[in-house]
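Written below as C-alpha cells is the structure these notes are about.
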Amino acid sequence: MPYVDRQNRICGFLDIEENESSGRFLRRYFILDTQQGNLLWYMDNPQNLPKGADKVGSLKLTYISKVSDATKLRPKAEFCFVINAGMRKFYLQANDQQDLVEWISVLNNATKITVPKPGEANAIHPESSQEGLGAMKQVSYKTEIIGGVPIITATQEQGEGQNGTDRGGLKRCQNQLPYFLSRGAPDQTFIKAGYCVKQGAVMRNWKRRYFMLDENALSYYKSDLEREALRVISLKEIHKVQECKQSELMMRDNLFEMVTSSRTFYIQADSPEDMHSWIKAISGAIVAQRGPGRSANTIRQARRLSSPCIQRYTPFCSGECSTGPNCSFHLHHKRY
C-alpha cells in the first residue's frame, strides 16, 4: 500500500513496464513527490541503496493527463493501471485491488491541480549514472519523439535478485511464495512469506532478504529462489516482536524489532501495513505454538512450579509437606 514517509512523500513498491509494449514488468520503488512535482522510481527504497545511488527514472506530474484502471486493457497483468503522459502510456501493476485503487487515487489527486509550464524540459528524465546499483549490470537509453515530446527511457540488462524479476505479465505479490513446495515437505504450511530489509549483526548494514514464517520458525534467504536459508530462528527463541521504538534514531520507516535469546533483529517492511502484518503473524505463530496466554516467562515459571516437592526433596517425608500424599516421596514409594 502507498504510505507517507518522513518527508511527507507518498511511497511504495509497484511493477512497471519500462519498455512500452514489452510485457515485462520490473519491481521498482516509487516516490510521489508533490512538492517537487515528480513521480520517481528506484531499484529499491533509497534507504537501502548505496549512498549517492540515483533513481532509475522520473516523470513530471505536469505531463500526466490521467491515471486509470487497465485490467481490461492488460488482462494478463493482474491489478494493472495506466499512466497517460502525452502520447506515452506507462503500465504498472499494484500488489492487490486496494493498492490499485489507492495508487490511482493519489496520482490523480496529485496531478489534477497542476498545469504544464511554458518551456518545461523533457517529460521523462532517466538517470545517466547507475554506479553503485549492484542489481543492475548495464544501462543504456533510447530517445523517441512522440507527439512532439522527446521521451527518453532506460533500457537495462536483467538485474539480480528480486528487483530485476521479469514478471512477464504474471502477478507475483511480495508476500507470495513463488515456489511453494520447493523448500520443504509438501504438507508443510507457511504462514507468511515476503521480502523485508534486515540489519546485519556485524557490519550493521541493511540487506533485502526473503523471509518465510511457518509454525515452528522464521527463516530468511538471500532471495526467493534460494533453497538454503541463511538463518532459521526458532519461535521458541523469540521473546517479543513489536514496532521499533528506535525507528526515529535509525531513520527507517516501517521498522520493527524481534527480540530473541541471542540478539535483537531490526527488520524493515515495505509499508506500514506489511510491518503490522509481520508483527501480527509472528506473534500469532508464537501464541499458537506455546498456547494462548502463555509467554516464554510463564512457561518457565510453570515448569519451576510444576513439582514443588522435588525442589524441597529430602530423603524422608513425614507426610506433613504441603502436597501431602501427592509429593514425589509418597508417589515414589507407592509404586514400589
Side-chain angles (χ1 to χ4, degrees), residues 1 3 12-13 45 48 95-96 98-99 162 171-201 206-247 250 252-306:
M1 302 298 166
Y3 70 94
F13 279 95
N45 187 329
N48 306 322
N95 297 307
D96 52 41
Q98 184 180 352
D99 196 35
Q162 180 233 11
K171 176 67 180 170
R172 183 193 290 178
C173 181
Q174 298 176 49
N175 294 325
Q176 275 186 319
L177 179 63
Y179 303 103
F180 184 79
L181 299 180
S182 66
R183 301 179 189 275
D187 59 347
Q188 187 174 4
T189 302
F190 295 101
I191 300 170
K192 184 175 175 63
Y195 278 94
C196 290
V197 178
K198 182 189 72 68
Q199 187 186 51
W206 296 83
K207 291 185 178 180
R208 184 168 288 275
R209 295 290 182 244
Y210 191 77
F211 285 78
M212 293 180 59
L213 173 68
D214 61 38
E215 59 185 8
N216 296 311
L218 176 68
S219 309
Y220 59 85
Y221 302 76
K222 188 173 182 179
S223 75
D224 60 350
L225 304 179
E226 296 292 327
R227 290 174 177 265
E228 296 295 328
L230 296 175
R231 181 162 183 166
V232 178
I233 307 167
S234 172
L235 296 183
K236 296 178 181 179
E237 299 179 16
I238 302 175
H239 301 311
K240 182 169 55 176
V241 184
Q242 63 182 12
E243 187 172 353
C244 183
K245 298 177 181 179
Q246 303 182 48
S247 59
M250 293 186 175
R252 292 264 164 179
D253 297 313
N254 318 317
L255 191 66
F256 66 97
E257 59 186 8
M258 187 171 65
V259 182
T260 70
S261 306
S262 57
R263 59 177 276 205
T264 298
F265 291 85
Y266 294 101
I267 304 171
Q268 182 184 20
D270 289 340
S271 67
E273 293 82 6
D274 198 31
M275 176 190 68
H276 291 299
S277 176
W278 274 110
I279 295 174
K280 183 178 179 181
I282 298 171
S283 300
I286 293 172
V287 171
Q289 186 187 69
R290 296 172 180 169
R294 303 186 71 193
S295 64
N297 291 332
T298 59
I299 288 177
R300 285 193 293 268
Q301 184 178 9
R303 287 173 178 169
R304 286 197 303 268
L305 300 178
S306 60

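Atoms considered below: every heavy atom in the structure, side chains included; atoms not considered: hydrogens, waters and symmetry mates.
Across all non-hydrogen atoms, the minimal contact from Leu230 to Lys222 is CD1-N, 3.7 Å. Here the closest heavy-atom approach between residue Ala269 and residue Cys196 is recorded as CA-SG, 4.3 Å. Residue Phe190 comes nearest to Asp214 through the heavy atom pair CD2-CB, 4.1 Å, listed as atom of the first residue, atom of the second, then distance. Nearest heavy-atom pair, Arg263 versus Gly200, reported as atom, atom and distance to 0.1 Å: NH2-C, 4.1 Å. Between Ser234 and Ala217 the shortest heavy-atom distance is CA-CB, 4.0 Å. Contact between Met1 and Asp99 at its shortest, heavy atoms only, is CA-OD1, 3.2 Å.
Annotation: the span from Ile282 atom CD1 to Ile191 atom CD1 amounts to 9.5 Å, rounded to 0.5 Å. To the nearest 0.5 Å, the span separating CG on Asn48 from CD on Gln268 amounts to 5.0 Å. In this structure, Asp253 CG and Cys244 SG are separated by 12.0 Å, a value rounded to the nearest 0.5 Å. Asp274 contributes atom CG, which lies 8.0 Å from atom CZ of Phe256 (distance to the nearest 0.5 angstrom). Taken to the nearest 0.5 Å, the NZ atom of Lys236 stands 6.0 Å off from the CD atom of Gln289. Distance CD1/Ile267 to CG/Asn254: 13.0 Å, rounded to 0.5 Å.
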Passes side chain to side chain contact (heavy atoms under 4.5 Å, CB included), Val232 versus Met212? Steps please.
CA-CA 9 Å; Val232 178; Met212 293 180 59; over 6 Å; no
Val241 vs Trp278, side chain to side chain contact (heavy atoms under 4.5 Å, CB included): CA-CA, chis, key distance, verdict:
CA-CA 9 Å; Val241 184; Trp278 274 110; over 6 Å; no
Derivation and outcome, side chain to side chain contact (heavy atoms under 4.5 Å, CB included), residues Arg231 and Phe265
CA-CA 12 Å; Arg231 181 162 183 166; Phe265 291 85; 3.7 Å; yes
Candidate pair Val197 and Asn45, rule side chain to side chain contact (heavy atoms under 4.5 Å, CB included), full reasoning
CA-CA 10 Å; Val197 178; Asn45 187 329; over 6 Å; no
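Relative to the six-membered ring of Phe211, Arg209 misses at least one condition, a distance below 6.0 Å or an angle of at most 45° to the axis.
Between the side chain of Ser277 and the main chain of Glu273, no donor-acceptor pair closer than 3.5 Å is present. No donor-acceptor pair under 3.5 Å is formed between the side chain of Tyr210 and the backbone N or O of Leu225.
When side chains are defined from C-beta on, Tyr3 does not count as touching Asp270, because their heavy atoms never get closer than 4.5 Å.
Gln242 is linked by a side-chain hydrogen bond (donor to acceptor under 3.5 Å, both in side chains) to Glu257, counting only residues two or more places apart in sequence or in another chain.
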